[in-house]
Structures are given as structure tokens and as C-alpha cells.
Amino acid sequence: MATSASAQLSKAIKQMYLELPQGDKVQAMYIWVDGTGEGLRCKTRTLDSEPKTIEDLPEWNFDGSSTYQSEGSNSDMYLIPVAMFRDPFRRDPNKLVLCEVLKYNRKTAETNLRHTCNQIMDMMANEHPWFGMEQEYTLLGMDGHPFGWPSNGFPGPQGPYYCGVGADKAYGRDIVEAHYRACLYAGVKIAGTNAEVMPAQWEFQIGPCEGIEMGDHLWIARFILHRICEDFGIIVSFDPKPITGNWNGAGCHTNFSTKSMREEGGLKDIEESIERLSKRHDYHIRMYDPRGGKDNARRLTGFHETSSIHEFSAGVANRGASIRIPRSVGQEKKGYFEDRRPSANCDPYAVTEAMIRTCLLNETGDEPLEYKN
Ligand code: ADP
Ligand code: MN
Ligand code: MN
Ligand code: MN
């Protein structure tokens with residue numbers, strides 16, 4: 001079986017060097033989404049003092065022709081720092097810096113979906129939109145097979161694994177624990193974790209986050225997960241259906257509320273949003289994975305706690321619907337609702353922007369979908 005060369009290196013020896021004092025310098029790791037819209041890239045620079053706010057961080061650049069982001073002839077792209085976190089790998093005072101990407105002419109790069117999302121969030125700031133996203137993912141060995149599964153076959157059928165405990169039920173908890181603590185250290189708004197229905201599949205929740213913060217915190221949480229898994233020699237997959245057949249897929253349920261939904265009688269506003277969503281199903285499916293719905297078509301079958309990709313549905317406590325109103329929200333007549341359609345590999349900027357456009361800006365209309373599952 002293939003192994004990760006880096007994961008085999010002694011982490012104890014590495015730690016000797018990481019304990020060396022770093023003087024008055026600070027390491028800032030700049031992170032950005034690459035041209036695939038899914039992959040993350042990073043590189044580090046030394047700063048002369050600890051940055052206190054995002055304004056203290058200099059712009060930077062990179063070679064976009066090596067990240068599927070530009071042609072070779074005009075390959076310099078700009079990195080614009082937009083959010084700063086504590087670095088759980090190099091620790092204080094070092095930083096993780098999330099960046100937007102601009103092209104050589106300083107126009108927004110095609111895969112920089114943060115730019116328009118941020119504009120929309122600014123327009124609607126007075127509604128105080130909150131999001132919570134439930135990121136499901138699958139751990140794979142270096143051979144691309146789910147971590148801990150027998151190499152030539154399958155574990156026992158689904159049933160005992162969801163929120164499971166024990167060596168035969170929880171596959172890879174070390175990763176989950178390391179990631180949870182690293183997110184807390186970094187200042188990422190992680191709300192919780194649980195083991196999922198398929199063995200080696202897990203979930204973490206980010207939120208509630210207001211506006212653009214949702215996408216920023218989810219992307220950094222994904223980066224931290226990839227980086228931790230690199231140390232362990234494990235691969236993270238956000239594929240929405242990593243194993244075909246009778247195994248659950250992976251989504252990124254998105255919980256949403258506005259100030260008025262959270263106040264007394266807010267259920268009325270929730271129902272109005274759901275009504276608007278019901279008339280714009282195809283547009284949302286297009287925004288909910290990086291291939292315009294093709295990835296999600298493998299997952300949204302109507303089975304395994306999903307709704308069919310071809311129809312919109314909503315209901316209280318219904319986990320087979322596109323939209324679920326939690327039972328407690330139905331009872332209290334205020335709170336939030338959950339859109340269960342986004343794929344695990346969605347861009348949270350695209351998802352949250354689409355929700356604001358439909359639910360709050362009351363945008364309508366779309367071309368029909370043209371693929372089948
Ligand atoms: P589920 O029951 O669907 O598995 P989870 O507990 O996994 O739900 O996730 C619920 C998510 O909803 C969390 O990310 C949480 O931060 C978020 N959330 C809670 N209250 C609100 C709210 N009022 N508005 C938006 N998101 C919320
Ligand atoms: Mn959940
Ligand atoms: Mn889940
Ligand atoms: Mn959910």
C-alpha cells in the first residue's frame with residue numbers, strides 16, 4: 001500500500017527545531033483558493049513585527065500559471081489579505097492569512113467568489129444574516145481507499161458508525177480531535193463535530209457566522225484539516241459521493257437566519273424565504289457544487305438522507321427534504337432553517353451569496369438544468 005513520505009518523517013525531531021526561538025520575526029502563511037475552485041494553496045513570508053489587523057499585512061503575489069489561474073504570459077497574480085487567524089502549527093505570534101486573488105490587471109480572478117459575495121453581504125448587513133455550515137468529509141489512505149477500510153473490500157453495513165465510539169466504529173478520531181483543537185486555537189468559529197453514517201466519514205460545524213465570515217472561517221477550517229492530515233499521511237476528500245452504492249454521501253448543510261427570523265414570530269419570514277427558494281431550485285443546484293450540479297447529481301438521489309436533485313421539497317424535521325425546519329424552530333415559531341442541498345465540495349461564498357440573493361433580494365429566474373443522475 002502507498003504511504004506518505006512526509007508523514008513517515010519523525011515529528012519529534014521536527015519539534016526540536018520548532019522550539020527554537022524565532023527572534024522578533026513573524027511567519028505569515030498566505031492561503032488562497034486555486035483555479036479548481038476546490039484546491040487550496042499556501043506560501044509563507046517573514047514579517048518584521050506581529051500584524052495586529054489585516055491592514056498590517058502586505059499584498060503579495062504568486063505564479064498563477066502553476067495554480068490553474070492564468071496563462072504563462074501574464075502569470076503574476078495578486079494576493080490580497082482579507083482575514084487573519086492564529087497559526088496552530090507554528091503557534092503565536094505566527095499567522096494564517098486568507099487572501100483574495102486578483103489578476104495581473106487587478107480584476108477579480110474567475111475562481112475568487114469572495115469578491116461578489118462580500119458586496120452582497122455588505123448590502124444586506126442590516127439584516128444580520130447568520131450562517132452555520134456542516135462540513136462533511138471522508139478520510140482516505142494514500143491509496144485513495146477510505147481510511148481503515150479493509151484494503152480489498154468493505155466494512156460492515158452502515159448503522160453503528162454515526163456518532164459511534166470504539167475501534168470498530170470510529171475510524172480516524174485522532175484527526176478530528178487535532179482539527180477541533182487547532183480550529184479553536186486559530187480563532188475559527190467551530191461549533192462541534194460528529195462521526196458520520198459511513199465509516200471514515202466525519203463532520204464539523206462552523207458557525208453561527210455573520211455574512212462574509214461564513215466563507216472565510218469554513219475555508220480556513222478546510223485548510224487546517226488538509227494540513228493536519230498531511231502530518232498523519234491521510235487524505236481528506238470533499239467528494240459528495242466518494243463510494244457508490246449503499247454508502248452515504250457528503251454534504252455541507254447550510255443553516256441560515258436573519259435578525260427578523262430569530263425574533264418572535266420569525267417563522268413567517270422563514271416560510272417566505274422557503275417559498276422564494278422553491279421557485280429557484282435549479283439556480284441553487286447550480287451554485288451548490290463547483291461543477292454546476294454535476295457533482296451533487298451523484299449524491300442527491302432521494303436516498304441516504306437526501307432529496308432528489310430534480311425536485312424542491314421542504315418540511316419540519318424532514319431529513320429527506322431540500323429544506324428542513326428544525327423541530328424546535330417549528331415549535332418556538334422562530335429561529336433558522338437548513339438547506340441540505342449544498343455539496344461537501346461547495347464554495348461557501350457561492351452558497352451564502354445565492355441564499356441572500358434569493359431569500360433577501362428576492363431575485364428570480366434561471367435556465368433549466370440539463371443533466372441527470
Ligand atoms: P444537524 O441537526 O442538521 O446535524 P448541526 O448541529 O450539525 O445540525 O449544525 C447546526 C448548525 O446550525 C451549526 O453550525 C450552528 O452554528 C448553526 N446555527 C445554529 N443557530 C443558527 C442560527 N440562528 N442561524 C444560522 N445558523 C445557526
Ligand atoms: Mn450536522
Ligand atoms: Mn451530517
Ligand atoms: Mn444538518
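Just so we're clear, the structure is a prediction, and the values are computed from it rather than from any experiment. Ligands are counted one by one from 1 in listed order, and the atoms in each one are counted from 1 as well.
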Practice item. Please tell me if the side chains of Phe312 and Leu277 come closer than 4.5 Å, counting only heavy atoms from C-beta onward. Key: yes
Exercise for review: Could you verify whether a donor N or O on one side chain and an acceptor N or O on the other, from His281 and Glu311, lie under 3.5 Å apart?
Suggested key: no
Exercise for review: Using the rule that two of Ile, Leu, Val, Met, Phe, Trp, Tyr join whenever any of their side-chain heavy atoms come within less than 4.5 Å, decide whether Trp130 and Met133 are in one cluster.
Suggested key: no
Review point. Protein N/O/S atoms under 2.8 Å of the Mn ion (ligand 3)?
Key: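 You should have found Glu136 OE2, Glu196 OE2, Glu203 OE1.
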Which atom pairs, donor and acceptor, lie under 3.5 Å between side-chain atoms of residues 77-85 and protein residues at least two apart or in another chain?
none

Point to revise | Residue pairs fulfilling ring-ring contact (aromatic ring centres under 6.0 Å, His included) with at least one residue in residues 316-343, sequence neighbours excluded | key: Phe256-Phe337
Review point. Is the closest basic N to carboxylate O distance between Lys279 and Glu275 below 4.0 Å?
Key: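 Answer for the salt bridge query: yes.
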Practice item. Considering only NZ, NE, NH1 and NH2 on the basic side and carboxylate oxygens on the acidic side, decide whether Arg286 and Asp282 come within less than 4.0 Å. Key: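 A salt bridge is absent here (no side-chain N lies under 4.0 Å from a carboxylate O).
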Nitrogen or oxygen contacts under 3.5 Å, ligand 1 side and protein side:
unit_1: ligand 1; atom_1: 2 (O); unit_2: Arg319; atom_2: NH2; d: 3.4
unit_1: ligand 1; atom_1: 3 (O); unit_2: Glu134; atom_2: OE1; d: 3.2
unit_1: ligand 1; atom_1: 3 (O); unit_2: Glu134; atom_2: OE2; d: 3.1
unit_1: ligand 1; atom_1: 3 (O); unit_2: Arg324; atom_2: NH1; d: 3.1
unit_1: ligand 1; atom_1: 3 (O); unit_2: Glu338; atom_2: OE2; d: 2.9
unit_1: ligand 1; atom_1: 4 (O); unit_2: Glu134; atom_2: OE1; d: 3.1
unit_1: ligand 1; atom_1: 7 (O); unit_2: Glu134; atom_2: OE1; d: 3.2
unit_1: ligand 1; atom_1: 7 (O); unit_2: Glu203; atom_2: OE2; d: 3.0
unit_1: ligand 1; atom_1: 7 (O); unit_2: Gln205; atom_2: NE2; d: 3.2
unit_1: ligand 1; atom_1: 8 (O); unit_2: Glu134; atom_2: OE2; d: 3.4
unit_1: ligand 1; atom_1: 12 (O); unit_2: Asn255; atom_2: ND2; d: 3.3
unit_1: ligand 1; atom_1: 16 (O); unit_2: Gly207; atom_2: O; d: 3.2
unit_1: ligand 1; atom_1: 16 (O); unit_2: Pro208; atom_2: N; d: 3.2
unit_1: ligand 1; atom_1: 23 (N); unit_2: Ser257; atom_2: OG; d: 3.2
unit_1: ligand 1; atom_1: 24 (N); unit_2: Ser257; atom_2: OG; d: 2.7

Check your understanding: Once the angle between the rings of Trp247 and Trp149 is folded into 0 to 90°, is it parallel (under 30°), tilted (30 to 60°) or perpendicular (over 60°)?
Key -> tilted
**Study point:** Centroid-centroid under 6.0 Å between Phe238 and His226 rings
**Key:** yes
